[in-house]
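Just so you know, these numbers use all the heavy atoms, side chains as well, and skip hydrogens, waters and symmetry mates.
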Amino acid sequence: MKRKLKMGMIGGGKDAFIGAVHRLAANMDGLIELTAGALSVNPEVGYESGKLLFLPDNRIYKSYEEMIQKESELPVDEKIDFVTIVTPNFAHFAPAMLALEHGFNVVIEKPMTLTLEEAKLLKAKVEETGLTLCLTHTYSGYPMVKQARQMVSDGLLGAIRKIIVEYPQGWLSTLSEREGNAQAAWRTDPSKTGKSGSMGDIGTHAAHLAEYISGLKINKICADLNIVVPGRAIDDDGNVLLKFDNGSNGVLIASQIAAGEENALKIKVYGEKGGLEWHQMEPNTLIAKWPNAPAQIYRTGNGYMGSFAKHNTRTPGGHPEGYLEAFANIYKNFALTVNAKLNQEQPTPEMLDFPTADDGIRGMAFIENVVNSSKSDQKWWDYKI
C-alpha cells in the first residue's frame, strides 16, 4: 500500500482546541491526510470548518452518522481508512462504535468513553472486528518517557518500590465555566465529562503514565476528591494513595485549582537500585539517580538512547521534542501499525507502542474506582475492572 492513510475527523471544528492539535500531529510525518470531516454538531460551523481545511464539499458531512455511512459506500481506494474522534467525552462511544461496525479503524481522545461499561463494549467490538483503536494518552509519546519505560523494563532500577506522580494545573482556579470559557463549561459538567472532573481529565493521564513507565498495574487505592471552588458541580482537586500489583506503593495528585501552574506533570519512579525523574515541561531531560554514584542526565536525541526513544525522536540533540511531537508519535505508530496490517505484515514492537482499548478500560476503571473510593468510609478500595 503506497499511499497516505485517509483520515475522517469527527468534531474539532474551527472553534475547537484539540482538533487542531490532532490535525497537526497527524500531518507531521507525512503518513496521514485529512480527507473527510463531520466537524461540528452545527452543520453550518462544520461546513465552514471544512472549507477552511480545504476539504471538498462532498467530503464535508453534516453528522458523523452521514460521514461513516457514505464513506463506507465509497471504493476502497477512495474512502477513509480511519476516524479520529475529538468530541467531548459524552460523544466518544457512539461514533467509535459506529465506525468500527462499518470497518473503520479509530483514534479517540481520552478518556475513551463516558463509563467503564461503554469502554468494555468498545474493546469487545475491537476484538470482534480485528480493527485498530488508538487512544491519545499524549504523554506516553515523549521520547524520554519511552526511555524511562525501557530502562525500567531492562531492570536497571531493580524491583519498583514507589511511584510519585503529580499533575497540577491552575486554569480552573476561578469559576471560569460561568465566565464564558467553553472548555471549562463542558469539562465541569458531569453530563458531558463523566463522573469526575480533575481526576477524569488529568488524573487519568497521571495514572496512565505511572503504569506505562513502571509496567505495573494499580490494584488498590485510597482516594480523596475535593470541590475547592464554590459553586462547581464536580471535583477540581484530588489526592490518591496507590498500591500496585507487585506490592509497591505510590501517590497521585491531580489538581486544576493550583493557581499559577500550567501543565506541570511530573513523575518519580524508585526501585531497589535507583530512581528516575521526568518533568513534562522539561521533556528532553530524564534524570537517573543512583545510591552510590552521581546522578545522570539523559537527553533526547543522543546515541545512547534505547530503540523506543530513537524510534520516536525526530531532531538532533538539543532541539526540544515537545507536546506536538509526542502527540505525533502516537499517530505515527498507529499509522505504521495500520499500514503494516493492510500489507499483511507484522508490526514491530516500536510500531505497536501506542495506547489501545486496554488503556481506555484502565482509564475508565481509574475514574470509577477513585470516585467510589472517595465516597467510601473504608481506607483501601480494591480496584475493580
Side-chain angles (χ1 to χ4, degrees), residues 1 5 25-26 28-32 107 132-160 163 205 208-217 265 267-280 282-290 293 295-356 358-359:
M1 188 171 178
L5 293 181
M28 191 171 288
D29 293 289
L31 300 172
I32 297 166
V107 175
T132 302
L133 184 146
C134 169
L135 187 69
T136 54
H137 267 298
T138 316
Y139 306 107
S140 64
Y142 280 102
M144 299 314 287
V145 168
K146 296 187 180 297
Q147 177 66 18
R149 175 182 168 90
Q150 190 160 6
M151 291 171 71
V152 171
S153 177
D154 289 346
L156 297 184
L157 270 61
I160 300 304
I163 300 171
H205 276 307
H208 180 261
L209 193 65
E211 291 192 340
Y212 179 77
I213 290 177
S214 69
L216 304 175
K217 303 298 182 188
L265 172 63
I267 186 167
K268 299 176 183 179
V269 180
Y270 298 100
E272 295 172 305
K273 302 177 183 178
L276 294 173
E277 181 173 345
W278 180 79
H279 294 209
Q280 195 270 153
E282 296 290 340
N284 274 34
T285 298
L286 175 67
I287 301 172
K289 302 175 182 180
W290 313 107
Q296 294 176 312
I297 296 177
Y298 287 73
R299 295 280 292 168
T300 302
N302 286 289
Y304 50 72
M305 291 293 100
S307 64
F308 287 84
K310 287 179 179 177
H311 175 74
N312 291 280
T313 299
R314 294 175 180 78
T315 59
H319 297 79
E321 295 271 346
Y323 177 76
L324 291 176
E325 288 83 358
F327 222 116
N329 285 335
I330 292 174
Y331 267 99
K332 178 180 75 171
N333 292 335
F334 165 79
L336 291 172
T337 294
V338 170
N339 248 324
K341 287 183 176 182
L342 289 172
N343 291 321
Q344 298 184 324
E345 298 169 353
Q346 178 60 44
T348 67
E350 287 81 3
M351 293 177 187
L352 291 167
D353 184 24
F354 59 86
T356 67
D358 288 322
D359 299 279

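Around atom CD of Glu272, more than 12 heavy atoms belonging to other residues, nucleotides or ligands sit under 6.0 Å away. Remark: Lys268 NZ is loosely packed, at most 12 non-hydrogen atoms of other residues, nucleotides or ligands lying under 6.0 Å away.
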Working for side chain to side chain contact (heavy atoms under 4.5 Å, CB included), residues Trp278 and Thr285: CA-CA 7 Å; Trp278 180 79; Thr285 298; over 6 Å; no

Trace of the side-chain hydrogen bond (donor to acceptor under 3.5 Å, both in side chains) decision for Glu321 with Thr313: CA-CA 7 Å; Glu321 295 271 346; Thr313 299; 5.1 Å; no

Step-by-step side chain to side chain contact (heavy atoms under 4.5 Å, CB included) determination, Val107 to Tyr331: CA-CA 8 Å; Val107 175; Tyr331 267 99; 3.6 Å; yes

Verdict with supporting geometry, Glu277 and His279, side-chain hydrogen bond (donor to acceptor under 3.5 Å, both in side chains): CA-CA 7 Å; Glu277 181 173 345; His279 294 209; 2.7 Å; yes

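Using modelled atom types, no side-chain atom of Asn343 and backbone atom of Ala340 make a donor-acceptor pair closer than 3.5 Å. Judged purely by atom type and a 3.5 angstrom limit, Thr300 has no side-chain atom pairing as donor or acceptor with the backbone of Pro143.
The aromatic rings of Phe327 and Tyr323 sit perpendicular to each other, their planes meeting at more than 60°, with 30° as the lower class boundary.
Between Lys146 and Ala309 the shortest heavy-atom distance is CB-N, 4.3 Å. Among all heavy-atom pairs drawn from Ser214 and Val152, the shortest one is O-CG1, 3.7 Å.
Using a cutoff of 4.0 Å between basic side-chain nitrogens and carboxylate oxygens, Arg314 and Glu325 are not scored as salt-bridged.
A side-chain N or O of Asp359 and one of His208 form a donor-acceptor pair less than 3.5 Å apart.
With respect to Pro355, the side-chain contact (heavy atoms from CB on, under 4.5 Å) criterion is satisfied by exactly one of Leu135, Leu133, Thr136, Asn333: Leu135.
Remark: Arg149 is positioned above the aromatic ring of Tyr212, its terminal NZ or CZ atom under 6.0 angstrom from the ring centre and at most 45 degrees off the axis.
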